[in-house]
**Student:** 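Sharing a structure, written as structure tokens. Questions coming.
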Amino acid sequence: MSIISEIMEHNQTFVKDEVYRDFETTKFPNKKMVILTCMDTRLTELLPKAMGFCNGDAKIIKNAGALISHPFGSVMRSILVAIYELGAEEVCVIGHKDCGMSGLRHDSFLDKVKEKGIDQDQLEFLKSAGIDLEKWLTGFDRVEDSVAHSVALIKNHPLLPEGIKVHGLVIDPHTGGLAAVEMHDAVKTLQP
């Protein structure tokens, strides 16, 4: 049985038994916060629990490395939608130790792309179309610097309204300990 078949089978029981009732909430974040974090599987349940959040408390945006790669890309748009349309008043960028984007290098990534059957002509086409794959497929050296960069991008965005608090944290994916990178009007005394 494929994974999707297992999911669909489980879902029928989930709906029939009304398990979804345990997760009912509105589309508005109870804590008025939007979080940008990494898609790392270790954070799926750990991060909300480490922050004391329940289902519905925050809007959570996930991508590889908790990165904002473009000030007018989908991540920044999602943050602004959470603020303007859904009532978020605080933004929190949360990177994590031992991130797969840490040390990601374009050359080794492109080697894997070629191993999966993407030929050099495709890569050349992208390059001729103005896509800088080297920049796009390069991670970061220090998660703290990456978080600080994303925080600065959000804080300086021309569409960010005044009064929105923007924070930067790093979580340990093993213990859930949070460390401040940048906090808006808060004491920086969180666990290392």
**Student:** Please give me the minimum heavy-atom distance between K59 and A82, naming the atom from each residue.
**Tutor:**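 For K59 and A82, the tightest heavy-atom pair comes out as CG-CB, 4.3 Å.
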**Student:** Nearest 0.5 Å, what's the CD1-CD1 distance between I61 and I94?
**Tutor:**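 Here the rounded value is 11.5 Å.
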**Student:** Decide yes or no on side-chain contact (heavy atoms from CB on, under 4.5 Å) for H167 and V151, but give the supporting numbers first.
**Tutor:** CA-CA 7 Å; H167 316 287; V151 166; over 6 Å; no
**Student:** Grab the two heavy atoms, one from F140 and one from C99, that are nearest each other, plus how far apart they are.
**Tutor:**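 Shortest heavy-atom contact: CZ-SG, 3.9 Å.
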**Student:** Salt bridge between R142 and D145, side-chain N to carboxylate O under 4.0 Å?
**Tutor:**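 So R142 pairs with D145 through a salt bridge.
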**Student:** Nearest 0.5 Å, what's the NZ-NZ distance between K32 and K165?
**Tutor:**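 It is 12.5 Å, given to the nearest 0.5 Å.
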**Student:** Honestly curious: do V75 and V81 fall in one hydrophobic cluster under the side-chain, below-4.5 Å linking rule?
**Tutor:**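 Each belongs to a different hydrophobic cluster.
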**Student:** With a 4.5 Å limit on heavy-atom distance, are the side chains of V143 and H96 in contact?
**Tutor:**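 Heavy-atom side-chain distance check fails, nothing below 4.5 Å.
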**Student:** So, the side chain of H157 versus the backbone of P71: is there a donor-acceptor pair under 3.5 Å, distance only?
**Tutor:**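 Yes; judged by distance alone, with no hydrogens or angles, the pair exists.
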**Student:** Is there a side-chain contact (heavy atoms from CB on, under 4.5 Å) between I83 and L160? Walk through the geometry before answering.
**Tutor:** CA-CA 9 Å; I83 292 167; L160 188 77; 3.6 Å; yes
**Student:** Take a 6.0 Å sphere around CD of E85 and say whether it holds more than 12 heavy atoms from other residues, nucleotides or ligands.
**Tutor:**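 At most 12 heavy atoms, drawn from other residues, nucleotides or ligands, come within 6.0 Å of this atom.
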**Student:** Is any NZ, NE, NH1 or NH2 atom of the basic residue among D40 and R42 found under 4.0 Å from an Asp or Glu carboxylate oxygen of the other?
**Tutor:**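 R42 and D40: salt-bridged.
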**Student:** With rounding to the nearest 0.5 angstrom, report the NE2 to OG distance, H149 to S69.
**Tutor:**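 That separation rounds to 10.0 Å.
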**Student:** Is there a path of hydrophobic side-chain contacts, each under 4.5 Å between heavy atoms of I/L/V/M/F/W/Y residues, joining F28 to I60?
**Tutor:**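 Different clusters: I60 never reaches F28 through Ile, Leu, Val, Met, Phe, Trp or Tyr contacts under 4.5 Å.
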**Student:** Could you measure the distance from the CD1 atom of I171 to the SG atom of C38? Nearest 0.5 Å is fine.
**Tutor:**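 Reported value, rounded in 0.5 Å steps: 11.0 Å.
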**Student:** Do T138 and R105 come close enough that some side-chain heavy atom pair is under 4.5 Å?
**Tutor:**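 Yes, at least one pair of side-chain atoms sits under 4.5 Å.
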**Student:** Hydrophobic clusters here meaning ILVMFWY residues chained together by side-chain heavy-atom distances under 4.5 Å, can you tell me if I4 and F14 are in one?
**Tutor:**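 No, because I4 and F14 fall into different hydrophobic clusters, even though each may have its own neighbours under 4.5 Å.
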**Student:** Establish whether I131 and L104 are linked, either directly or via other cluster members, by ILVMFWY side-chain heavy-atom contacts under 4.5 Å.
**Tutor:**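 Yes: a chain of side-chain contacts under 4.5 Å links I131 to L104.
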**Student:** Does a salt bridge link K114 with D121, judged by any charged N lying under 4.0 Å from a carboxylate O?
**Tutor:**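 Answer for the salt bridge query: no.
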**Student:** Run the side-chain contact (heavy atoms from CB on, under 4.5 Å) check on I68 and I79 step by step: do they pass?
**Tutor:** CA-CA 10 Å; I68 299 177; I79 290 169; 4.1 Å; yes
**Student:** Provide the closest heavy-atom pair for N30 versus N55 in the form atom of the first, atom of the second, distance.
**Tutor:**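 For N30 and N55, the tightest heavy-atom pair comes out as ND2-O, 4.2 Å.
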**Student:** Under a 4.5 Å side-chain heavy-atom rule over Ile, Leu, Val, Met, Phe, Trp and Tyr, are M39 and L43 clustered together?
**Tutor:**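 They do not share one cluster, since no chain of ILVMFWY contacts under 4.5 Å joins M39 to L43.
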**Student:** When you measure from the side chain of S102 to the backbone of D98, do you find a donor-acceptor pair of N or O atoms at a distance under 3.5 Å?
**Tutor:**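 No, because the side chain of S102 does not come within donor-acceptor range (under 3.5 Å) of the backbone of D98.
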**Student:** Is there a salt bridge (Lys or Arg N to Asp or Glu O under 4.0 Å) between E24 and R21? Walk through the geometry before answering.
**Tutor:** CA-CA 5 Å; E24 290 180 331; R21 294 201 182 274; 3.5 Å; yes
**Student:** Can you give me the closest heavy-atom contact between L67 and S146, atom names plus distance?
**Tutor:**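 Minimum heavy-atom contact is CD2-OG, 2.8 Å.
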**Student:** More than 12 non-hydrogen atoms from neighbouring residues, nucleotides or ligands closer than 6.0 Å to OH on Y84, yes or no?
**Tutor:**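 More than 12 within 6.0 Å, yes.
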**Student:** Any idea which heavy atoms bring F53 and I35 closest together, and the distance?
**Tutor:**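 Residues F53 and I35, closest heavy atoms: CE2-CD1, 3.8 Å.
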**Student:** Give the minimum heavy-atom separation between V93 and S150, together with the two atoms involved.
**Tutor:**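 Result for this residue pair: CG1-CB, 4.0 Å.
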**Student:** To the nearest 0.5 Å, what is the distance between CG on L137 and NZ on K112?
**Tutor:**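 Answer for the CG-NZ pair, L137 versus K112, is 11.5 Å.
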**Student:** Before you tell me yes or no, could you show the steps for M33 and D57 under side-chain contact (heavy atoms from CB on, under 4.5 Å), namely the whole-Å CA-CA distance, both residues' side-chain angles and the distance that decides it to 0.1 Å?
**Tutor:** CA-CA 7 Å; M33 179 174 273; D57 281 348; over 6 Å; no
**Student:** What distance do L126 atom CG and L133 atom CG have between them, rounded to the nearest 0.5 Å?
**Tutor:**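 Atom-to-atom, L126:CG and L133:CG are 5.5 Å apart.
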